[in-house]
Amino acid sequence: MKLFKYNRRNILVLAMTVLLVLALVVGCLVYRGYRQRNRDTDYIPYAAVKNARSIFKPLADKSLQSLVDKTLDNMGNLRWKRYSADLDVVIEETDFLPYKGSEVLVALSLPPQEAVVACYKRDGGKLKYMGKIPNLLPVSGVTTLENIRLQNRLVVVDQVQDEMLGAFFNARYRDVFLWKDGHFDRVLGLLTHYNAYWNQAWDGVKEDAHWLWLNQSSDVGYSDSGETVRIEHVQTLLQSTVTDVQSIPAHDDFAVRYFRMVKEEYKWNDDWGLYILGEYTDSQTGERVALLEDYRNNVSSFIRGTRFDMVKVMDQKGEIYIISAERLQQ
């Protein structure tokens, strides 16, 4: 009897062991399939891009919405899901990487303050999600730029900031990005257009308060096979010819008070890995720094005659900070 009980116990143990092993095997297979499905979720059919441009509106709308929803999933941007039907979309098919196949850039904008650009690599009939450019303002256009010193083409993102309803200003920006080591690096940032309005009454003027209008328009050009970016700013401070009005006057009701033209030239520098205005020594630290932005040329220097003798620099550790222009030495 004791031998019988011992054998039955072993049989039960063996049965439980077999069941446990089977459960583990099934679990592994299910998990593996789940992982595989998850890996496949970042693919988008290339047909969705083509159909989004279809002249057949129902097909175009459905394909575009599918592309938007899939892109939000790929980026993990769950907060935008509720606005997916209202996002502004810009799609650009290009070839900024040297290896086989093209890329598709999908810009999603949530006005007035947010946007992101997702990048896909085309592999036959599929688009494989690669990465994103986050923390952008609403995107108005995406292009690419060749730089002869770089293997990859640069991605140029134009953006718009419109605060006319509350802060009475709007601006346009152009940021340039380089795909490097699996992510996008920002290698140049430009303010291309700017308009700001304010009323002298806000500064305490009791009578004959004018509106002031600070304006900048810019022309950006590329030369030396993309090694040089030249930008010419036309900066103007205008004053309204009418006074004591609550609304911004028409453009014809402004007269020019100050005017200047500013030219800047950014050159690609391999050592710094970005476009810079020049390389200098910081007299306070003795370290070499790259000049990224010269605030003496900023359009805001017109305001009340304020001086902007400051510059933005990067040190050799990659840290960016603002210092007095007087500290720069050749």
Side-chain angles (χ1 to χ4, degrees), residues 28-111 114-146 150-160 175-186:
C28 288
L29 291 174
V30 171
Y31 178 73
R32 184 177 178 182
Y34 174 77
R35 287 288 302 275
Q36 184 62 44
R37 288 194 299 273
N38 271 357
R39 285 196 294 268
D40 290 343
T41 57
D42 56 0
Y43 281 98
I44 293 179
Y46 176 67
V49 175
K50 296 180 63 177
N51 292 336
R53 299 166 178 162
S54 172
I55 60 174
F56 185 53
K57 192 173 186 305
L59 176 61
D61 290 344
K62 183 177 180 180
S63 299
L64 185 62
Q65 191 60 53
S66 173
L67 184 61
V68 169
D69 291 337
K70 198 71 169 179
T71 296
L72 292 176
D73 289 338
N74 290 336
M75 295 187 299
N77 198 336
L78 302 180
R79 184 172 61 87
W80 283 18
K81 294 288 283 187
R82 71 179 72 176
Y83 309 111
S84 63
D86 301 316
L87 297 177
D88 295 332
V89 186
V90 175
I91 302 173
E92 180 68 23
E93 187 170 357
T94 181
D95 188 7
F96 67 87
L97 299 178
Y99 47 83
K100 186 178 179 180
S102 60
E103 293 78 43
V104 174
L105 297 167
V106 180
L108 304 180
S109 300
L110 181 61
E114 298 179 86
V116 63
V117 174
C119 178
Y120 292 91
K121 183 68 181 176
R122 183 180 176 185
D123 182 10
K126 293 182 178 180
L127 297 177
K128 171 70 173 179
Y129 177 68
M130 294 173 55
K132 63 182 178 180
I133 305 175
N135 304 321
L136 298 170
L137 290 163
V139 174
S140 59
V142 181
T143 57
T144 61
L145 170 67
E146 181 183 10
L150 299 172
Q151 188 177 25
N152 298 342
R153 292 178 67 90
L154 298 161
V155 176
V156 182
V157 183
D158 289 318
Q159 302 150 77
V160 176
D175 288 342
V176 182
F177 298 90
L178 172 66
W179 177 262
K180 183 179 179 182
D181 299 329
H183 64 275
F184 286 97
D185 286 339
R186 183 174 179 268

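Predicted, not measured: the structure shown is a model, and the values here were computed from it. Counting begins at 1 with the first residue of the sequence.
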*What closest approach, in Å, do A115 and L137 show between heavy atoms, and which atom pair accounts for it?*
CB-O, 3.0 Å
*Measure the CD-CG distance between E93 and L127 for me, rounded to the nearest 0.5 Å.*
8.0 Å
*asked:* Among L136, D185, V156, V117, exactly one meets side chain to side chain contact (heavy atoms under 4.5 Å, CB included) together with F177. Which residue is that?
replied: L136
*Calculate, to the nearest 0.5 Å, the distance between atoms CH2 and CG belonging to W179 and L150 respectively.*
15.5 Å
*Any side-chain donor-acceptor pair under 3.5 Å between D61 and Q65?*
no
*At what distance, to the nearest 0.5 angstrom, does CG of L154 lie from OG1 of T143?*
10.0 Å
*Who are the side chain to side chain contact (heavy atoms under 4.5 Å, CB included) partners of L64, not counting sequence neighbours?*
A52, V89, I91
*Within a strict 4.5 Å, meaning less than it, do heavy atoms of the P138 and D88 side chains meet?*
no
*What closest approach, in Å, do E103 and G101 show between heavy atoms, and which atom pair accounts for it?*
OE2-O, 3.5 Å
*Please name the pair of heavy atoms, one in V139 and one in S109, separated by the smallest distance, quoted to 0.1 Å.*
N-OG, 2.9 Å
*Does K81 pair with D73 as a salt bridge, N-O distance under 4.0 Å?*
yes
*Using modelled atom types only, decide if a donor and an acceptor are shared between the side chain of S66 and the backbone of K62 within a distance under 3.5 Å.*
no
*For residues A60 and S54, report the shortest heavy-atom separation together with the two atoms involved.*
CB-O, 3.5 Å
*asked:* What's the separation between atom CG in L97 and atom CZ in R122, rounded to the nearest 0.5 Å?
replied: 15.0 Å
_From L145 atom CG to N152 atom CG, the distance as rounded to the nearest 0.5 Å_ = 12.5 Å
*Can you name the closest pair of heavy atoms from K70 and I44 and give their distance?*
CG-CG1, 3.3 Å
*Take H183 and D181 through the side-chain hydrogen bond (donor to acceptor under 3.5 Å, both in side chains) test and state the conclusion after the steps.*
CA-CA 6 Å; H183 64 275; D181 299 329; 5.8 Å; no
*Rounded to the nearest 0.5 Å, what's the gap from CG on N74 to NZ on K128? Could you check?*
8.5 Å
*Under the side-chain contact (heavy atoms from CB on, under 4.5 Å) rule, what do W80 and M75 come out as? Steps first, then yes or no, please.*
CA-CA 11 Å; W80 283 18; M75 295 187 299; 5.8 Å; no
*E114 with R79: basic N within carboxylate O range, under 4.0 Å*: yes
*How far apart are the closest heavy atoms of C119 and F96, and which atoms are they?*
SG-CZ, 3.5 Å
